[in-house]
Amino acid sequence: MAGVEKLRFYPATMRSGSGARLTDLDGRDYVDLTATWTAAGLGYGHPRVAAAVADALGGQPGSGLSIMHENAVLLAERLLELVPGAEDRRVYLGHAGSDACDVALRCARAATGKRGVVAFQHSYHGGFGLAQSVSGVLVEGGATPDPHAVFVPYPNPFRPHRGTVEESVVDSLSQVEEALKGGDVAVIAVEPILSDGGFIVPPQGFLSRLAELARAYDTLLMVDEVKMGLARPGRMHAYDSDGIAPDIVCFGKSLGGGLPIGAAVGPAWVFDGPAASALLTMAGNSVCAAAALAVLDELAENDYPARAALLGEHFIDGLRNLQDGNGLQGGRSARYIGDVRGRGLCIGLELVLDRESNDVAPDMTRKVVYRMWQLGVTVFSVGENVLEITPPLVITSEDIDQAVTVIDQAICDVADGYVTDDDVAPYSGW
Ligand SMILES: Cc1ncc(COP(=O)(O)O)c(C=O)c1O
């Protein structure tokens with residue numbers, strides 16, 4: 001596999017998956033807390049998705065959108081229902097979150113005739129094009145920033161960049177406003193929970209204040225739900241927690257139930273032109289569209305938002321119990337758990353050197369992720385020191401309890417020196 005597509009944390013190779021479990025080549029079972037960066041929202045091998053895909057694959061009405069087919073139209077209609085809006089709207093269907101965000105940003109620029117994009121530091125919107133060049137994480141890592149992008153701080157309740165949380169929110173919003181005052185900003189791009197950049201859950205009200213600013217300055221607001229959206233935060237959309245109505249919403253990852261598909265929903269005046277400027281031959285193909293329809297049916301009929309809310313609370317309770325010093329390893333992990341935060345099954349656990357300083361513990365984080373894999377739980381990390389806990393929504397409370405026990409043990413084992421620098425050197429993650 002080409003190095004350019006490697007982001008690895010441990011030497012795992014899986015043979016199969018079922019629900020929230022993965023099985024490696026040696027037949028060893030893992031509880032999965034990644035959902036593959038949330039792509040497997042409904043878990044691995046969901047029967048409803050598998051049946052829909054088999055059916056669509058057996059009689060494909062073409063393999064793209066130049067000859068229209070029913071599944072694409074049905075999916076577009078479902079997405080319009082999911083993202084209500086007053087004006088005439090359109091749906092872009094693509095292959096992933098990256099192109100959904102890229103096309104949305106490009107269309108916003110073309111339609112408004114404005115060049116600027118307000119984005120957030122440590123944000124992630126995609127691996128190429130404009131989506132990449134307004135992604136704080138990638139630009140900070142060496143990608144070329146878009147010359148018209150302005151990056152502002154995302155308010156972090158655990159580590160406010162100004163004196164208090166409220167002062168940080170005010171500062172972020174005033175930096176946004178400063179950029180908008182110039183009059184050349186086409187769109188504000190925001191993640192409703194900043195995930196790859198450190199799993200930051202913004203203070204309540206931040207998104208609605210951002211939406212007010214966008215409205216006041218007649219600028220489009222694009223909310224990137226690619227990673228956190230579709231039931232995982234305990235609501236269908238992560239932005240619902242602030243009750244906003246974004247102009248543009250982007251989807252990806254879990255939408256396809258493991259198959260590649262992404263979507264952007266927004267005003268017709270934004271997405272209708274320039275005609276044929278975002279052509280990917282197989283975008284919107286009937287097989288991936290069938291998978292997405294099955295995912296949306298399953299999420300709605302079985303109230304996955306409620307399930308995610310309930311299980312998320314159980315998970316967070318278990319982690320806070322460790323933080324309070326009640327872990328089975330004599331409470332020793334508590335010293336390293338700086339913060340536990342989240343909504344539903346979007347959970348971040350921040351590891352620190354100690355609770356007095358709250359200094360970040362990147363070395364420990366790499367090793368804890370590795371040790372957890374050794375102990376039978378797959379997880380990824382984001383930012384410098386945050387475990388990203390985003391299991392498939394079908395995870396059981398028993399699996400959650402096992403994962404909490406393993407997190408506790410892994411932290412203590414790493415503190416005791418079980419994992420060496422050499423062990424993790426080839427798998428340094430981001
Ligand atoms: C918030 C967000 N937007 C967009 C993307 C891009 O999605 P993909 O990698 O599936 O193209 C990602 C991927 O991590 C993401 O986290």
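Every number for a ligand or one of its atoms is a count from 1 in the order of the listing. Excluded from the calculations below are hydrogen atoms, water molecules and symmetry mates; all remaining heavy atoms, backbone and side chain alike, are included. If you're wondering where the values come from, they're calculated on a predicted model, not measured in any experiment.
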### Query
More than 12 foreign heavy atoms under 6.0 Å from CD of E70: is that the case here?
no
### Query
More than 12 foreign heavy atoms under 6.0 Å from CG of D401: is that the case here?
yes
With side chains defined as the heavy atoms from C-beta onward, is the minimum distance between [X] and [Y] less than 4.5 Å?
{"X": "K227", "Y": "T390", "result": "no"}
{"X": "K367", "Y": "D423", "result": "no"}
{"X": "S172", "Y": "V170", "result": "no"}

### Message
Is it the case that the ring center of F380 lies less than 6.0 angstrom away from the ring center of F9?
### Response
yes
Considering the heavy atoms of [X], write down every atom of ligand 1 situated less than 4.0 Å from one of them.
{"X": "D196", "result": "14 (O), 16 (O)"}
{"X": "E191", "result": "1 (C)"}
{"X": "A96", "result": "10 (O), 11 (O)"}

### The one among I193, D99, V382, V226 that brings a heavy atom closest to atom 5 (C) of ligand 1
V226
Any idea which protein heavy atom is nearest [atom], and the distance to it?
{"atom": "atom 10 (O) of ligand 1", "value": "G97 N, 3.6 Å"}
{"atom": "atom 16 (O) of ligand 1", "value": "K227 CD, 3.3 Å"}
{"atom": "atom 4 (C) of ligand 1", "value": "H125 O, 3.3 Å"}
{"atom": "atom 2 (C) of ligand 1", "value": "Y124 O, 3.2 Å"}

### Task
Identify which one of D146, D102, D184 satisfies the salt bridge (Lys or Arg N to Asp or Glu O under 4.0 Å) criterion when paired with R109.
D146
### Task
Give a yes or no answer on whether the side chain of R307 reaches the backbone of I395 with a donor-acceptor pair at less than 3.5 Å.
yes
Quick check: does [X] get an N/O under 3.5 Å from an N/O on ligand 1?
{"X": "K253", "result": "yes"}
{"X": "S98", "result": "yes"}
{"X": "D224", "result": "yes"}

